[in-house]
S.K.: 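The structure is given below, and queries will be raised subsequently.
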Amino acid sequence: NNQVLLVSRVKLPNGKFFPNSGWLFPPQTVNMTPGNWMEIDLDHVIPPSAPQITATYQAIIGRSPNTVVDINEFQFTIQ
């Protein structure tokens, strides 16, 4: 098995990230077999006070300290 870390963040329309430091979903160790893929569901609570916005959600897997293995992203809208 190959251990990687999974984290997430939101890229705002101005190019900055939320949270501005650290991760929305804190680092979680995931065991993967090289060459395979897996599906992981992440749940986040969006507070009622969240602004109306269209942004990009990023889920990142990598190795510590700063090696990105893959990024999956999608746009979402809060109305």
Side-chain angles (χ1 to χ4, degrees):
N1 279 345
N2 193 14
Q3 284 192 341
V4 293
L5 296 174
L6 169 67
V7 295
S8 71
R9 63 185 178 184
V10 173
K11 186 174 184 180
L12 302 171
N14 64 7
K16 295 183 179 182
F17 292 101
F18 176 82
N20 59 4
S21 65
W23 303 104
L24 186 61
F25 186 78
Q28 299 293 314
T29 301
V30 178
N31 291 310
M32 296 185 70
T33 303
N36 286 341
W37 66 275
M38 67 179 4
E39 184 174 315
I40 298 173
D41 294 322
L42 304 177
D43 293 322
H44 299 289
V45 174
I46 299 174
S49 61
Q52 293 184 358
I53 192 170
T54 296
T56 303
Y57 184 90
Q58 294 183 331
I60 304 163
I61 59 169
R63 292 188 185 86
S64 186
N66 294 312
T67 303
V68 173
V69 174
D70 199 8
I71 298 176
N72 191 359
E73 60 184 27
F74 61 88
Q75 276 199 331
F76 68 95
T77 299
I78 299 173
Q79 296 183 343

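Counting begins at 1 with the first residue of the sequence.
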S.K.: Starting from Leu12, can I reach Ile78 by hopping between I/L/V/M/F/W/Y residues whose side chains sit under 4.5 Å apart?
M.R.: yes
S.K.: Considering all heavy atoms of both residues, which atom of Ala55 and which atom of Lys11 are nearest to each other, and what is their separation?
M.R.: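 Nearest heavy atoms, Ala55 then Lys11: CB-O, 3.4 Å.
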S.K.: Indicate whether any N or O donor in one side chain lies under 3.5 Å from an N or O acceptor in the other, for Gln52 and Gln79.
M.R.: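 There is no such pair between these side chains.
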S.K.: Go through the steps for Val7 and Phe25 under the test side-chain contact (heavy atoms from CB on, under 4.5 Å), then give the verdict.
M.R.: CA-CA 5 Å; Val7 295; Phe25 186 78; 5.8 Å; no
S.K.: In terms of hydrophobic clustering (I, L, V, M, F, W, Y; side-chain heavy atoms under 4.5 Å; direct or indirect links), are Trp23 and Val68 co-clustered?
M.R.: yes
S.K.: Out of curiosity, does Phe17 fall in the hydrophobic cluster containing Ile53 (side-chain heavy atoms, cut-off under 4.5 Å, transitive links)?
M.R.: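 As far as the 4.5 Å side-chain criterion goes, Phe17 and Ile53 are not connected within one cluster.
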S.K.: Between OG1 of Thr56 and CZ of Phe18, what distance do you get to the nearest 0.5 Å?
M.R.: 15.0 Å
S.K.: Output the distance between atom CD1 (Ile46) and atom NE2 (His44), rounded to the nearest 0.5 Å.
M.R.: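 So the gap between those two atoms works out to 9.0 Å.
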S.K.: Mind checking the NZ-CZ spacing from Lys16 to Arg9? Nearest 0.5 Å is all I need.
M.R.: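 The NZ atom of Lys16 sits 14.5 Å away from the CZ atom of Arg9.
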S.K.: How many angstroms lie between atom CG of Asn2 and atom CG of Asn36, to the nearest 0.5 angstrom?
M.R.: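 If we round to the nearest 0.5 Å, Asn2:CG and Asn36:CG are 11.0 Å apart.
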S.K.: Rounded to the nearest 0.5 Å, what's the gap from CG on Leu6 to CG on Leu42? Could you check?
M.R.: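 Interatomic distance, Leu6 CG to Leu42 CG, rounded to 0.5 Å: 5.5 Å.
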S.K.: Which atom pair, heavy atoms only, marks the closest approach of Met38 to Asn31?
M.R.: CE-O, 3.8 Å
S.K.: With heavy-atom distances below 4.5 Å as the criterion, would you say the side chains of Ile40 and Gln28 are in contact?
M.R.: no
S.K.: Can you check side-chain contact (heavy atoms from CB on, under 4.5 Å) on Leu5 and Thr29, steps first, answer last?
M.R.: CA-CA 5 Å; Leu5 296 174; Thr29 301; 3.6 Å; yes
S.K.: Do Ile60 and Trp37 belong together in a cluster built from hydrophobic side chains that touch within less than 4.5 Å?
M.R.: no
